[in-house]
A.B. asks: 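Following this message is one structure expressed as structure tokens.
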Amino acid sequence: MLQPFTTIPFSNQSLFNPQISINSGQMFLWEKFDNSWYGVYGNHILKFSTTTINNGDSSNNNNNNNNVEFFSFPEFKEWEKQVFRLDDDIEKIIAGFSNDVVVSEAIRRYPGLRLMRQEPHQCMFSFVCASNTNILMIRRMLKNLSRKFGVKVIIDGKEFFTFPTADSLNKANINELLSCGIGYRAKAIKAVAEGIASGKLDIKELTHASYNDAKEQLLKIYGIGNKIADCILLFSLEKLESFPIDVWIARALSSYYDWVFIENKNRQKKEKKKIDDKITFGQYNILSEAIRNYFGKYSGYAQQYLFYYMRQNAAKKW
DNA sequence: CGCCAGGCAACGG
DNA sequence: CCGTTGCCTGGC
């Protein structure tokens, strides 16, 4: 049985709201049952539950304190610090965005949203599945892969699967991969698995490397382009300055940060690109550098708030 | 049926 | 450099 390792009061919700953080869209293998969330982190199953503690005064329903308890299997002590990046100085980071009205509004609307750290190999495989599809499909692909190549774990009577190891995916045959509904992404899964096996994708090296150096290595892998590389860098390789630009963020830039299109070179963006125009590799690099210069070393946090803001505004359901 | 969804690689100007 | 095209898959 899972034992709680940590219980924290939910009163500092404005700086840390686990549920809204999970809901940010990057956490593909998290599910909610009743008041508990369960998530796959490599070979660990993580869980947190919100509980209401009644102070005894039953006449006053408002006189309750909410707590959140964290569990894990196998034991992963204080995983919440690792996964929710609780060691980041969130107040300082937020303060750094105080001059930006859009991000400030997102922070005001969605207090407690945290950038989440993902298990690096899982993160790589997850995002190479993310090309030209939607979140529901990504979830399905990853669940299928886990069901086929992971290890079954029963927790609270519910069935979970650990995330496949790089080795198991490296050894998988192509038809097994295709049976998971990943389509042409199978080739990219293979390329990442081989990269890990060969040492070309070494987590320690990539984590230690600079943003530019690590990105250069990632871009060599078939199936990893600008956007996917930036996601991997931000969510699992400690590159907080990474600012992944997907179609949602591109819309945000087009709507609120128009100047990034102009700032550069002799880019006569008079007729600013239509909102849904795809961004070329070169344009991505230019936009990326301009916006990272603007938001600074915690650009990834700004991206996270912007992404959530755009998706909420669009009332996307995932 | 066609179109779309959190990109990418391959190829021709 | 840029723009275009095809791509697995499932939902609408």
Side-chain angles (χ1 to χ4, degrees), chain A residues 22-30 115-116 118 123-145 147-148 172 174-192 194-195 215-236 242-255 261 264-269 271-289 291 300 302-318:
Chain A
I22 294 285
N23 200 32
S24 64
Q26 329 293 349
M27 309 311 293
F28 302 114
L29 292 179
W30 282 78
L115 185 66
M116 290 184 67
Q118 303 193 14
C123 187
M124 291 177 175
F125 290 116
S126 296
F127 282 98
V128 295
C129 287
S131 74
N132 196 27
T133 189
N134 55 46
I135 289 178
L136 290 178
M137 288 294 293
I138 298 167
R139 282 204 167 121
R140 177 184 314 193
M141 292 184 246
L142 297 180
K143 286 182 87 167
N144 288 342
L145 286 170
R147 180 173 296 275
K148 195 155 198 68
I174 195 71
N175 287 329
E176 284 182 309
L177 289 174
L178 290 174
S179 74
C180 297
I182 61 177
Y184 63 87
R185 301 167 190 82
K187 199 173 166 186
I189 294 279
K190 274 294 191 187
V192 170
E194 285 167 14
K215 184 163 185 177
E216 187 181 342
Q217 296 308 310
L218 289 174
L219 289 176
K220 289 179 182 172
I221 304 298
Y222 180 90
I224 299 183
N226 247 330
K227 185 266 178 179
I228 288 175
D230 275 337
C231 285
I232 294 168
L233 290 165
L234 176 61
F235 298 124
S236 70
S242 178
F243 188 92
I245 303 173
D246 53 35
V247 296
W248 293 95
I249 292 298
R251 287 170 196 157
L253 295 181
S254 180
S255 300
F261 292 90
N264 320 282
K265 314 272 179 154
N266 33 9
R267 168 158 237 85
Q268 89 262 23
K269 59 95 18 167
E271 65 273 62
K272 180 179 29 181
K273 315 187 51 68
K274 281 195 300 200
I275 294 180
D276 283 328
D277 275 359
K278 308 223 169 176
I279 297 173
T280 68
F281 187 83
Q283 288 167 334
Y284 187 107
N285 289 334
I286 292 170
L287 293 181
S288 174
E289 191 169 354
I291 202 71
Q303 193 270 4
Q304 188 75 350
Y305 290 115
L306 284 175
F307 182 77
Y308 197 77
Y309 181 85
M310 296 301 289
R311 294 284 300 209
Q312 293 296 121
N313 278 354
K316 290 290 284 190
K317 297 196 162 67
W318 51 53

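None of these values were measured; they are calculated from a predicted model.
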A.B. asks: Side chains of Gln304(A) and Ser24(A): do they bring a donor and an acceptor to under 3.5 Å?
C.D. replies: yes
A.B. asks: Base of dG3(C), side chain of Gln283(A) - is there a donor-acceptor contact under 3.5 Å?
C.D. replies: no
A.B. asks: Tabulated below should be each protein N or O lying under 3.5 Å from an N or O of nucleotides 11-13 of chain B; please produce it.
C.D. replies:
none

A.B. asks: Does the structure place the NZ or CZ of Lys227(A) under 6.0 Å from the centre of the six-membered ring of Tyr284(A), at an angle of no more than 45° from the ring's axis?
C.D. replies: no
A.B. asks: Quote, to the nearest angstrom, the P distance that separates dC11(B) from dC8(C).
C.D. replies: 15 Å
A.B. asks: For the side chain of Arg140(A), counting heavy atoms from C-beta on, which of dG11(C), dG7(B), dG6(B) is nearest?
C.D. replies: dG11(C)
A.B. asks: Could you check which of dA10(B), dA5(B), dC8(B) has an atom nearest any side-chain atom of Ile228(A)?
C.D. replies: dC8(B)
A.B. asks: Considering every strand and a 4.0 Å limit on heavy-atom distances, what is the contact class for Ile224(A): base, sugar-phosphate, or nothing?
C.D. replies: sugar-phosphate
A.B. asks: Mind checking the C1' distance from dG6(B) to dC2(C)? Whole angstroms is fine.
C.D. replies: 23 Å
A.B. asks: By a strict heavy-atom criterion of less than 4.0 Å, which residues belonging to residues 175-187 of chain A are in contact with DNA chain B?
C.D. replies: Tyr184(A)
A.B. asks: Suppose we screen for ring pair (Phe, Tyr, Trp, His ring centres under 6.0 Å). Which residues come up paired with Phe125(A), at least two apart in sequence or across chains?
C.D. replies: none
A.B. asks: Is a donor-acceptor contact shorter than 3.5 angstrom present between the side chain of Lys278(A) and the base of dG3(C)?
C.D. replies: no
A.B. asks: Check this one for me: any side-chain N or O of Thr280(A) less than 4.0 Å away from OP1 or OP2 of dC2(C)?
C.D. replies: yes
A.B. asks: Reckon Phe281(A) touches a base, only the sugar-phosphate, or nothing at all at heavy-atom distances under 4.0 Å?
C.D. replies: nothing
A.B. asks: Under 4.0 Å, counting only non-hydrogen atoms across every strand here, what does Ile221(A) touch: a base, just sugar-phosphate, or nothing?
C.D. replies: sugar-phosphate
A.B. asks: Taking the side chain of Val247(A) as its heavy atoms from C-beta onward, which of dG7(B), dT9(C), dA9(B) lies nearest to it?
C.D. replies: dG7(B)
A.B. asks: side-chain contact (heavy atoms from CB on, under 4.5 Å) with Lys148(A): which residues, sequence neighbours excluded?
C.D. replies: Glu176(A), Ser179(A), Cys180(A)
A.B. asks: List the residues meeting ring pair (Phe, Tyr, Trp, His ring centres under 6.0 Å) with Tyr305(A), not counting sequence neighbours, and say none if there are none.
C.D. replies: none
A.B. asks: Once side chain to side chain donor-acceptor pair (under 3.5 Å) is applied, do any residues pair with Ser236(A), and if so which ones, sequence neighbours excluded?
C.D. replies: none
A.B. asks: Has Lys143(A) got more than 12 heavy atoms of other residues, nucleotides or ligands less than 6.0 Å from its NZ?
C.D. replies: no
A.B. asks: Among all residues two or more places apart in sequence or in another chain, which pass the side-chain contact (heavy atoms from CB on, under 4.5 Å) test with Ala252(A)?
C.D. replies: Tyr256(A), Met310(A)
A.B. asks: Run the side chain to side chain donor-acceptor pair (under 3.5 Å) test against Asn285(A) and tell me which residues pass, sequence neighbours left out.
C.D. replies: Asn226(A)
A.B. asks: Not counting sequence neighbours, which residues clear side-chain contact (heavy atoms from CB on, under 4.5 Å) with Ala186(A)? List them please.
C.D. replies: Ile174(A), Leu177(A), Leu178(A), Ile182(A)
A.B. asks: Wobble G-U and Watson-Crick pairs count when both distances are under 3.5 Å; given that, what is the 5' to 3' dot-bracket string of DNA chain B, with | for pairing to other strands?
C.D. replies: .||||.|||||||
A.B. asks: So what does Gln303(A) hit on the nucleic acid, given a heavy-atom distance under 4.0 Å: a base, only sugar-phosphate, or nothing?
C.D. replies: nothing
A.B. asks: Applying side chain to side chain donor-acceptor pair (under 3.5 Å), name anything that partners Ser242(A), two or more places apart in sequence or on another chain.
C.D. replies: Asp230(A)
A.B. asks: Residues two or more places apart in sequence or in another chain: which of them pass side-chain contact (heavy atoms from CB on, under 4.5 Å) with Ser131(A)?
C.D. replies: Tyr184(A), Arg185(A), Ile228(A)
